[in-house]
Amino acid sequence: MSWMQDYDLDHIGVAVRSLEEGQAFYQALGFEQMTTEVVASEKVKVGFFTLKNGSRIELLEPTSGDSPVAKFLDKRGSGIHHICLRVTDIRAVMKDLKAKGIRVLSDEPKKGAHNCLVAFVHPSSAGGVLVELSQKMGG
């Protein structure tokens, strides 16, 4: 890549059986406001807590037994599911990663939460961590 991509930590995704149970710890920390949204393409309901620096903690509750998050919970239980990096040009990043032999899980980004385009990098290419790439639509 001849230009430098800007990356920011957008959020850390935490798989939970229910948002209600998952939010208890964050409320104990003092977070009061959790915004929620359904992401139909991933079969999850998400709850976000925004940190002072603008990054977020995303709780992921499966809406279907066959969702990737439900499978994660069945195999590993509650815990960190993924980290998300905010990018300015998701298609360019996906193309660059694929050219470098990195396993990106889709050919095109999908619509994700917060009016973003998202794509995932397989954990086998990212040191065992599922990495989400996210770009605000229109930006």
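This chain uses plain numbering: 1 for the first residue, then up along the sequence.
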Study note, to complete from the structure: What one should report as the nearest heavy-atom pair of Leu60 and Val44 is CD2-CG2, 4.3 Å

Check your understanding: Does some side-chain heavy atom of Tyr7 sit less than 4.5 Å from a side-chain heavy atom of Val87?
Key -> yes

Check your understanding: Which residue pairs pass the salt bridge (charged side-chain N to carboxylate O under 4.0 Å, His left out) test with at least one member in residues 46-65, sequence neighbours excluded?
Key -> Asp10-Arg56

Review point. So how far is it from Ser78 OG to Phe72 CZ, rounded to the nearest 0.5 Å?
Key: 8.5 Å

Study note, to complete from the structure: Closest heavy-atom pair, Thr36 versus Gly47, reported as atoms and distance to 0.1 Å, is CG2-CA, 4.2 Å

Practice item. Indicate, with yes or no, if Phe120 and Leu117 share a hydrophobic cluster defined by side-chain heavy-atom contacts under 4.5 Å among Ile, Leu, Val, Met, Phe, Trp and Tyr. Key: no

When the side chains of residues 15-29 are checked against the rest of the protein, which donor-acceptor pairs come out under 3.5 Å, sequence neighbours left out?
{"from": "Arg17", "atom 1": "NH2", "to": "Leu73", "atom 2": "O", "distance (Å)": "3.0"}
{"from": "Ser18", "atom 1": "OG", "to": "Glu21", "atom 2": "N", "distance (Å)": "3.1"}

Practice item. Might you confirm whether atom CG of Leu51 has over 12 heavy atoms from other residues, nucleotides or ligands at distances under 6.0 Å? Key: yes

Point to revise | Close side-chain approach of Glu132 and His11, heavy atoms under 4.5 Å | key: yes

Practice item. Report whether Val69 and Ile83 are members of the same hydrophobic cluster (ILVMFWY, side-chain heavy atoms less than 4.5 Å apart, transitive linking). Key: no

Review point. How long is the span from the CG atom in Leu133 to the CE atom in Met94, to the nearest 0.5 Å?
Key: 7.5 Å

**Study point:** Test log, rule side chain to side chain contact (heavy atoms under 4.5 Å, CB included), inputs Arg91 and Gln135
**Key:** CA-CA 9 Å; Arg91 286 182 174 86; Gln135 175 191 327; 5.8 Å; no

Review point. If you look at every heavy atom in Ser64 and Ala70, which pair is closest and at what distance?
Key: O-CB, 3.4 Å

Check your understanding: Between Asp6 and Arg86, does at least one N-O distance fall below 4.0 Å, as a salt bridge requires?
Key -> no

Review point. In terms of hydrophobic clusters joined by side-chain contacts under 4.5 Å, are Val131 and Val104 together?
Key: yes

Check your understanding: How many angstroms lie between atom SG of Cys116 and atom CE of Met137, to the nearest 0.5 angstrom?
Key -> 7.5 Å

**Study point:** Between CD1 on residue Ile90 and NZ on residue Lys136, distance to nearest 0.5 Å
**Key:** 12.5 Å

**Study point:** More than 12 heavy atoms of other groups within 6.0 Å of Lys111 NZ
**Key:** yes

Point to revise | Residue pair Pro123 / Val129, side-chain heavy-atom distance below 4.5 Å | key: no

Point to revise | Residue pair Lys45 / Glu37, side-chain heavy-atom distance below 4.5 Å | key: no

Review point. Do Leu105 and Val121 have side-chain heavy atoms sitting under 4.5 Å apart?
Key: no

Revision key, fill the gap. Only residue of Val38, Val39, Leu59 satisfying side chain to side chain contact (heavy atoms under 4.5 Å, CB included) with Val46 is Val39

Check your understanding: When rounded to the nearest 0.5 angstrom, what is the spacing between OG in Ser41 and NZ in Lys110?
Key -> 5.5 Å

Review point. Does atom CG of Asp107 have more than 12 heavy-atom neighbours from other groups under 6.0 Å away?
Key: no

Review point. Are the side chains of Pro109 and Val118 in touch, meaning some heavy atoms are under 4.5 Å apart?
Key: no

Exercise for review: Could you tell me whether the side chain of Phe48 reaches within less than 4.5 Å of the side chain of His114, counting heavy atoms only?
Suggested key: yes

Study note, to complete from the structure: Here the gap from Thr63 atom OG1 to Lys43 atom NZ, rounded to the nearest 0.5 Å, amounts to 8.0 Å

